[in-house]
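Following: one structure in structure tokens, then a few remarks.
Counting begins at 1 with the first residue of the sequence. Whatever order the structure lists them in is the order used to number ligands and atoms, beginning at 1.
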Amino acid sequence: MADIALYDLIIVGGGPAGLTAGIYAMRAALKTVLVEKGVAGGQVNNTEIVENWPGLESITGAELAANFLRHASSYGLLVKTREIVAVEPGLHYHTVRLDNGEELRAHAVILGMGGSPRKLGVAGEDENYGKGVSYCATCDGFFFRNKEVIVVGGGDSATEEALYLAKLATRVTIVHRRDALRASMILQQRVQAQPKINIIWNSVVTTIRSDQNGFTGVALRDVVTGQQRELSADGIFIFIGFLPNNQLVPAGTVMNANGFVASNAKCETNMPGIFVVGDLREKYARQIVTAAGDGCTAALAAAHYVENKKMGV
Ligand code: NAP
């Protein structure tokens with residue numbers, strides 16, 4: 001059997017956190033490989049415009065993601081596009097197994113798998129995904145030009161995406177389960193100032209309606225009065241938060257009740273040599289800039305860890 005290369009560091013996930021870790025790891029001269037199963041840049045690719053990356057007042061998500069990858073690659077970071085099937089901690093090295101049977105080994109691993117959209121879990125949702133039900137306005141908004149859409153949720157994502165959709169659609173109806181938005185004040189103000197957006201408060205979607213061509217509307221329930229109503233539209237965009245992609249997190253790693261991975265100020269998990277970054281990490285603010293910050297912290301801490309390990313400290 002051929003010798004299996006031993007890396008200093010394996011980065012799992014190529015979002016802003018993973019790619020920033022890649023930049024810092026390469027600058028620290030760590031022998032590093034980053035594994036990403038999809039498009040590098042992660043969720044940033046699904047964001048129309050990013051306006052809160054310091055130093056750039058406005059940039060498309062796709063462009064920022066491409067910049068991250070180009071920057072990391074400029075240091076010679078090895079990026080493998082493959083699905084990982086297992087991350088196995090070990091005493092001497094950690095093992096990462098890929099879907100093609102390949103095995104990677106490293107002294108340290110940075111977990112940066114991010115999160116995925118939370119689903120409503122109502123009848124009709126799965127069957128009509130791609131037929132009027134969407135979790136990404138940047139990807140699917142174009143299909144709803146001059147049409148009417150519903151947006152579910154009251155956070156930053158829902159309001160930001162409703163504002164984006166209002167540029168395309170004739171009417172955007174936000175359905176929110178409470179009587180106040182969770183979104184940041186600047187987004188709330190923009191929503192209020194956009195005449196194409198109206199909000200149905202205190203309401204939840206109970207069923208997604210469809211016909212043979214796909215989505216036709218929703219059944220709503222007012223959570224205060226209990227009243228039911230029907231609302232027709234051409235499409236529905238669901239932005240009700242996201243769930244951590246923690247399937248590959250090794251057994252024994254401490255996570256909170258919601259499945260986000262616990263870590264200290266150095267992004268170290270309770271497993272020696274295993275670090276966590278970005279949206280998968282238990283933390284207060286899930287932003288591109290905090291993901292990048294985690295990537296920096298984890299890579300610097302990993303460099304220190306690997307150096308000590310090699311010296312037998
Ligand atoms: P979020 O902040 O968790 O908001 C989720 C929204 O969906 C909340 O309004 C919540 O209602 C609602 N919701 C949750 N479960 C629901 C259900 N089962 N049925 C109906 N409504 C439900 O999620 P997010 O908006 O995706 O944002 C995630 C993180 O990314 C946040 O930290 C956010 O600040 C950040 N983010 C930032 C930006 C930006 O800065 N530009 C853009 C996007 C996201 P309640 O309010 O009643 O809980």
For Phe239, atoms of ligand 1 separated by under 4.0 Å from a heavy atom: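 Near Phe239, the atoms of ligand 1 are 7 (O).
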Interfacing atoms of ligand 1 (cut-off 4.0 Å, heavy-atom, Arg286):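 Numbered from 1, ligand 1 contributes 30 (O), 32 (O), 35 (C).
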Arg177, any N or O under 3.5 Å of ligand 1 N or O: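 Min N/O separation from ligand 1 is below 3.5 Å for Arg177.
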Min N/O separation Val152 to ligand 1 under 3.5 Å: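 No: no nitrogen or oxygen of Val152 is under 3.5 Å from one in ligand 1.
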Geometric cation-pi criterion Arg145 and Phe142, 6.0 Å radius, 45° cone: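 The answer is yes; both the distance and angle limits are met.
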Row check, Phe215 ring normal vs Lys131 NZ/CZ: under 6.0 Å, within 45°: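 No cation-pi geometry.
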To which protein heavy atom is [atom] closest, and what is the distance rounded to 0.1 Å?
{"atom": "atom 33 (C) of ligand 1", "value": "Asp156 OD2, 3.4 Å"}
{"atom": "atom 3 (O) of ligand 1", "value": "Gly241 CA, 4.0 Å"}
{"atom": "atom 19 (N) of ligand 1", "value": "Leu120 CD2, 4.0 Å"}
{"atom": "atom 47 (O) of ligand 1", "value": "Arg178 NE, 2.7 Å"}
{"atom": "atom 42 (C) of ligand 1", "value": "Glu160 OE1, 3.3 Å"}
{"atom": "atom 28 (C) of ligand 1", "value": "Phe242 CE2, 3.8 Å"}
{"atom": "atom 9 (O) of ligand 1", "value": "Gly154 N, 3.0 Å"}
{"atom": "atom 48 (O) of ligand 1", "value": "Arg182 NH2, 2.7 Å"}

Min heavy-atom dist His176 to ligand 1 below 4.0 Å: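 True for this residue.
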Proximity flag Val204 to ligand 1, non-hydrogen atoms under 4.0 Å: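 Heavy atoms of Val204 never come under 4.0 Å of ligand 1.
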For Cys136, disulfide bond (SG atoms under 2.5 Å apart) partners two or more places apart: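 Only Cys139 meet the disulfide bond (SG atoms under 2.5 Å apart) criterion with Cys136.
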Gln287 contact mode with ligand 1 (heavy-atom cut-off under 4.0 Å):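 Side chain only.
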Mode of Asn52 contact toward ligand 1 - side chain, backbone, both, neither (heavy atoms, under 4.0 Å):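 The answer is the side chain.
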Min side-chain heavy-atom separation Val223-Ser203 under 4.5 Å: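 In short, these two side chains do not touch, never coming nearer than 4.5 Å.
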Note, Val149 side chain near Thr173 side chain (heavy atom, < 4.5 Å):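 Result no, sub-4.5 Å side-chain heavy-atom pair not found.
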Ile240, Val122, Ile238: member with heavy atom nearest to atom 18 (N) of ligand 1: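 Answer by nearest heavy atom: Ile240.
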Selection from Gly153, Gly121, Ser157, Gly155 by shortest heavy-atom distance to atom 27 (O) of ligand 1: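 Looking at heavy atoms only, the winner is Ser157.
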Which residues share a side-chain contact (heavy atoms from CB on, under 4.5 Å) with Ile186, sequence neighbours left out: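 Ile186 satisfies side-chain contact (heavy atoms from CB on, under 4.5 Å) with Ser184, Arg190 only.
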Considering all heavy atoms, the nearest Arg182-Gln188 contact: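 So the minimum-distance heavy-atom pair works out to C-NE2, 4.4 Å.
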Where Asp179 and Asn202 come nearest, the two heavy atoms and their spacing: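 Nearest pair, atom of Asp179 first, then Asn202: N-OD1, 3.2 Å.
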Under-4.0 Å protein heavy-atom contact, atom 31 (C) of ligand 1: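 Under 4.0 Å from atom 31 (C) of ligand 1, zero protein heavy atoms found.
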Check: Glu36 side chain, Gly14 main-chain N or O, donor-acceptor pair, under 3.5 Å: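 Yes, the answer is positive, given that a donor and an acceptor are paired below the 3.5 Å cut-off.
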Heavy-atom donor-acceptor pair, His107 side chain to Tyr305 backbone, under 3.5 Å: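 Pair absent, no side-chain N/O of His107 close to backbone of Tyr305.
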Geometric class of the Tyr135/Tyr129 ring pair [parallel <30°, tilted 30-60°, perpendicular >60°]: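 The arrangement is tilted - the two ring planes meet at 30° to 60°.
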Cluster link Phe275 to Leu34, ILVMFWY, side chain under 4.5 Å: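 Yes, because Phe275 and Leu34 connect within a single hydrophobic cluster, where side-chain heavy atoms sit under 4.5 Å apart.
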